[in-house]
Peer 1: 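So that we are looking at the same thing, I have put the structure below in structure tokens.
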Amino acid sequence: MPPKRKSLENKKEVEKKKVKKVDSDEEEDGDNESSEEETTTSSSSSSGNSNHSFDLKSQYKFISWNVNGFNALLKKESYLEDLIKSEKPTCICLQETKLSSTSSKYEKLLKGYTAHFNHCSAKKGYSGTAVYTLNENKPIKVTFGMGIDKHDNEGRLICVEYEDLYLINTYVPNSGQKLERLDYRTTEWDVDMLNYLKNLEKTKPIVWTGDLNVAILDIDVHNPKGNKRTAGFTDEERKATPLIQNNFIDSYRMFHPKETDCYTYWGYRQGMRAKNKGWRLDYFICSQSLKEKIVDSYILKEVLGSDHCPIGIILNK
């Protein structure tokens with residue numbers, strides 16, 4: 001077993017912030033918040049099972065990360081750059097960027113990648129998504145939103161089309177601390193999202209990723225009994241999510257069906273990350289037709305910089 005990379009593990013702990021996941025869609029002002037031949041690359045695993053190597057020509061590697069404010073992340077040392085150097089993904093999908101606009105410094109941040117941003121137009125410094133696509137494996141096209149204004153004005157979706165699949169980066173709406181957006185989330189967003197994914201599937205398979213803001217199983221939450229009416233774990237959300245409504249594959253559970261304590265989000269308060277009292281809210285969800293092509297699906301819990309950690313997937317082309 002090869003040793004884990006130390007550069008990511010030895011970063012100092014993220015600064016404490018008074019924020020709860022149930023209301024994580026908080027505003028952040030965009031300026032004021034506290035390879036040609038056949039290539040094999042490798043990366044570290046949160047579980048230490050292996051180096052997640054992949055072949056650039058015959059495989060895809062996708063990374064997803066809720067960064068909880070892009071500007072804030074960039075001020076916390078070189079977490080993103082280190083992640084890219086370690087993983088070298090085909091595409092990295094970011095959520096909760098909280099940017100109102102972008103400049104060349106964002107577009108040129110990751111050498112060898114092309115940046116695509118989808119900002120929230122409804123509220124400054126809120127929500128938002130981004131993807132960086134590897135120039136050595138360019139997508140056919142990149143599109144924004146699902147085509148419905150009431151959803152798309154929050155900048156929550158980017159679709160990256162490759163030759164044999166769609167990669168959909170999504171920041172699913174949080175139902176709110178008082179569940180004030182629960183009806184919108186479950187009866188409007190989830191319904192329209194499912195229809196959007198089904199329509200894409202008519203053309204080619206989908207890989208749906210991002211912060212989906214729902215914990216499906218009891219083992220996906222450190223305290224399921226105490227969170228039954230908490231946003232992300234209500235019965236309504238768990239039943240309405242497209243993951244349940246369609247025969248999609250939860251790629252991580254495909255490899256780890258009963259594993260516990262495998263979280264991707266930890267609240268900043270009360271040292272939840274150090275205690276590993278978290279939630280699994282981030283996913284790579286795949287069409288059934290991709291089942292035999294999924295090589296690995298993993299959590300990079302040692303990567304700091306946000307209240308979420310990145311996740312990864314490797315698929316054969």
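Please read these numbers as outputs of a predicted model, since none were measured by experiment. As a basis for the values below, the full set of heavy atoms in this structure was taken, side chains included, without hydrogen atoms, waters or symmetry mates.
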Peer 1: Quick one, Ser58 and Lys317 - any side-chain contact, counting heavy atoms below 4.5 Å?
Peer 2: no

Peer 1: Any chance you could measure Leu212, atom CG, to Thr241, atom OG1, to the nearest 0.5 Å?
Peer 2: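 Between atom CG of Leu212 and atom OG1 of Thr241 there are 6.0 Å.
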
Peer 1: For Gln95, is there any backbone N or O sitting under 3.5 Å from a side-chain donor or acceptor partner on Asn169?
Peer 2: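 No.
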
Peer 1: Could you please spell out the steps behind the side chain to side chain donor-acceptor pair (under 3.5 Å) verdict for Glu237 and Thr234?
Peer 2: CA-CA 5 Å; Glu237 291 164 302; Thr234 64; 2.7 Å; yes

Peer 1: Test of understanding: with ring-ring contact (aromatic ring centres under 6.0 Å, His included), list the residues that count as partners of Phe62, not counting sequence neighbours.
Peer 2: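 Applying ring-ring contact (aromatic ring centres under 6.0 Å, His included) to Phe62 gives Tyr60, Tyr162.
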
Peer 1: Are the side chain of Arg253 and the backbone N or O of Glu259 linked by a donor-acceptor pair below 3.5 Å?
Peer 2: yes

Peer 1: Look at the side chain of Asn68 and the backbone N and O of His308, then say whether any donor-acceptor pair between them is shorter than 3.5 Å.
Peer 2: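 Not at all, since once roles are kept as given, no pair shorter than 3.5 Å links the two residues.
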
Peer 1: Evaluate the side-chain proximity of Pro205 to Tyr166: yes if any heavy-atom separation is below 4.5 Å, no if none is.
Peer 2: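 No. Closest side-chain heavy atoms not under 4.5 Å.
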
Peer 1: Under 4.5 Å between side-chain heavy atoms, hopping through other hydrophobics if needed: is there a path connecting Leu194 to Val191?
Peer 2: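 As far as the 4.5 Å side-chain criterion goes, Val191 and Leu194 are not connected within one cluster.
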
Peer 1: Take atom NZ of Lys275 as the centre, draw a 6.0 Å sphere, and report whether it contains more than 12 heavy atoms from other residues, nucleotides or ligands.
Peer 2: yes

Peer 1: Could you work out, with side chain to side chain donor-acceptor pair (under 3.5 Å) as the rule, every residue matching Lys202, not counting sequence neighbours?
Peer 2: Asn199

Peer 1: Between Asn135 and Gly112 (side chain of the first, backbone of the second, donor and acceptor by atom type, cut-off under 3.5 Å), is there such a pair?
Peer 2: yes

Peer 1: Taking only residues two or more places apart in sequence, or in another chain, which ones meet Asp183 in a side chain to side chain donor-acceptor pair (under 3.5 Å)?
Peer 2: none

Peer 1: Would a 4.5 Å heavy-atom cut-off, applied to side chains only, mark Leu243 and Ile216 as touching?
Peer 2: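 Yes; the side chains approach each other to less than 4.5 Å.
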
Peer 1: What's the spacing between Asp211 CG and Leu94 CG if we round to 0.5 Å?
Peer 2: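 CG of Leu94 is found 12.0 Å from CG of Asp211.
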
Peer 1: Starting at CG of Asp192, measure out to OG1 of Thr187 and round the result to the nearest 0.5 Å.
Peer 2: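 Here the interatomic distance stands at 9.0 Å.
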
Peer 1: Please find the pair of heavy atoms, one from Trp65 and one from Ser306, that lie closest to each other, and give the distance.
Peer 2: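 Closest approach of Trp65 to Ser306, heavy atoms only: NE1-CB, 3.8 Å.
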
Peer 1: Can you name the residues that form a ring-ring contact (aromatic ring centres under 6.0 Å, His included) with His151, not counting sequence neighbours?
Peer 2: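 Per chain and number, His151 pairs via ring-ring contact (aromatic ring centres under 6.0 Å, His included) with Tyr184, Trp189.
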
Peer 1: Report yes or no: does Lys108 contribute a side-chain atom to a donor-acceptor pair with the main-chain N or O of Ala115 at less than 3.5 Å?
Peer 2: no

Peer 1: Determine, stepwise, if the pair Leu200 / Ile168 fulfils side-chain contact (heavy atoms from CB on, under 4.5 Å).
Peer 2: CA-CA 10 Å; Leu200 290 179; Ile168 304 98; 3.8 Å; yes

Peer 1: List, by chain and number, the other hydrophobic cluster members for Leu182, where Ile, Leu, Val, Met, Phe, Trp and Tyr join if side-chain heavy atoms come within less than 4.5 Å, directly or indirectly.
Peer 2: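 Besides Leu182, the hydrophobic cluster comprises Leu179, listed by chain and residue number.
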
Peer 1: Between atom CG of Leu315 and atom CD1 of Ile294, what is the distance when rounded to the nearest 0.5 Å?
Peer 2: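 Between atom CG of Leu315 and atom CD1 of Ile294 there are 6.0 Å.
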
Peer 1: Quiz question: by atom type and distance under 3.5 Å, do the side chains of Ser78 and Asp82 form a donor-acceptor pair?
Peer 2: yes

Peer 1: Do Thr97 and Thr102 touch side chain to side chain, with heavy atoms closer than 4.5 Å?
Peer 2: no

Peer 1: Are any of the side-chain heavy atoms of Ile63 and Ile311 separated by less than 4.5 Å?
Peer 2: no

Peer 1: Identify the two heavy atoms, one from Asn276 and one from Asp261, that lie closest to each other, and give their separation to 0.1 Å.
Peer 2: ND2-O, 3.2 Å

Peer 1: For a quick test of reading the model, state the closest non-hydrogen atom pair linking Leu281 to Ala215 and the distance between them.
Peer 2: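 It is CD2-N, 3.9 Å.
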
Peer 1: Under 3.5 Å, is there a donor-acceptor pair between the side chain of Ser127 and the main chain of Gly155?
Peer 2: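 Not a single qualifying donor-acceptor pair exists.
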
Peer 1: Please collect all salt bridge (charged side-chain N to carboxylate O under 4.0 Å, His left out) contacts where either partner lies in residues 158-175, sequence neighbours excluded, each pair once.
Peer 2: Glu161-Lys204

Peer 1: How close do Leu134 and Leu56 get, heavy atom to heavy atom, and via which atoms?
Peer 2: CD2-CD1, 3.5 Å

Peer 1: Using every non-hydrogen atom in the two residues, find where Arg156 and Arg181 come nearest and quote the distance to one decimal.
Peer 2: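 Residues Arg156 and Arg181, closest heavy atoms: NH2-NH1, 3.9 Å.
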
Peer 1: Kindly state each residue pair satisfying ring-ring contact (aromatic ring centres under 6.0 Å, His included) with at least one member in residues 206-240, sequence neighbours excluded.
Peer 2: none

Peer 1: Working to the nearest 0.5 angstrom, can you tell me the gap between Asn246 CG and Ile244 CD1?
Peer 2: 10.5 Å

Peer 1: Please tell me if the side chains of Leu197 and Phe248 come closer than 4.5 Å, counting only heavy atoms from C-beta onward.
Peer 2: yes

Peer 1: Looking at Tyr126, does the NZ or CZ of Lys123 lie under 6.0 angstrom from its six-membered ring centre and within 45 degrees of the ring axis?
Peer 2: yes

Peer 1: Do you know which of Asn66, Asp282, Asp307 makes side chain to side chain donor-acceptor pair (under 3.5 Å) with Thr264?
Peer 2: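 Per the side chain to side chain donor-acceptor pair (under 3.5 Å) rule, the option paired with Thr264 is Asp282, out of Asn66, Asp282, Asp307.
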
Peer 1: Does any pair with a residue in residues 239-251 pass salt bridge (charged side-chain N to carboxylate O under 4.0 Å, His left out), and if so which ones, sequence neighbours excluded?
Peer 2: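 Counting only pairs at least two positions apart or across chains, the salt bridge (charged side-chain N to carboxylate O under 4.0 Å, His left out) contacts touching residues 239-251 are Asp250-Arg280.
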
Peer 1: What is the distance from atom NZ of Lys293 to atom SG of Cys286, rounded to the nearest 0.5 Å?
Peer 2: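 Result: 11.5 Å between the selected atoms.
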
Peer 1: Given Cys309 and Leu300, is the side-chain contact (heavy atoms from CB on, under 4.5 Å) satisfied, shown in steps?
Peer 2: CA-CA 6 Å; Cys309 71; Leu300 291 164; 5.5 Å; no

Peer 1: Excluding sequence neighbours, so at least two apart, what forms side chain to side chain donor-acceptor pair (under 3.5 Å) with Asn223?
Peer 2: none

Peer 1: Treating Lys61 as the side-chain partner and Ser53 as the backbone partner, does any N or O pair qualify as donor plus acceptor under 3.5 Å?
Peer 2: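 A pair under 3.5 Å: no.
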
Peer 1: So which atom in Tyr113 and which in Thr90 form the shortest heavy-atom distance, rounded to 0.1 Å?
Peer 2: CE2-O, 4.4 Å

Peer 1: Is there a side-chain contact between Leu80 and Leu110 in this structure, where contact means two heavy atoms from C-beta onward sitting under 4.5 Å apart?
Peer 2: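 Touching, per the 4.5 Å side-chain cut-off.
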
Peer 1: Below 3.5 Å, can you tabulate the donor-acceptor pairs from side chains in residues 137-146 to any protein atom, sequence neighbours excluded?
Peer 2:
none

Peer 1: Does any part of the side chain of Pro310, heavy atoms only, come nearer than 4.5 Å to the side chain of Leu83, both counted from C-beta?
Peer 2: yes

Peer 1: Between Glu107 and Lys105, does a salt bridge (Lys or Arg N to Asp or Glu O under 4.0 Å) hold up when you go through it step by step?
Peer 2: CA-CA 6 Å; Glu107 295 165 2; Lys105 75 173 183 178; over 6 Å; no

Peer 1: Given side-chain contact (heavy atoms from CB on, under 4.5 Å), test Leu157 with Tyr196 step by step and report yes or no.
Peer 2: CA-CA 11 Å; Leu157 188 150; Tyr196 172 78; 3.6 Å; yes

Peer 1: Count the heavy atoms belonging to other residues, nucleotides or ligands that lie under 6.0 Å from NZ of Lys291, then report whether that count exceeds 12.
Peer 2: no

Peer 1: List the residues meeting side chain to side chain donor-acceptor pair (under 3.5 Å) with Asp152, not counting sequence neighbours, and say none if there are none.
Peer 2: none

Peer 1: Tell me every residue that passes ring-ring contact (aromatic ring centres under 6.0 Å, His included) with Trp266, counting only those two or more places apart in sequence or in another chain.
Peer 2: none

Peer 1: Can you tell whether the side chains of Arg229 and Glu236 come within less than 4.0 Å, N to carboxylate O?
Peer 2: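 Glu236 and Arg229: salt-bridged.
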
Peer 1: Do the side chains of Lys228 and Asp235 get close enough for a salt bridge, i.e. N-O under 4.0 angstrom?
Peer 2: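 The answer is no: the pair does not qualify as a salt bridge.
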
Peer 1: In terms of relative ring orientation, are Phe117 and Phe70 parallel, tilted or perpendicular, with 30° and 60° separating the classes?
Peer 2: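 Judged by the thresholds at 30° and 60°, the geometry between Phe117 and Phe70 is perpendicular.
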
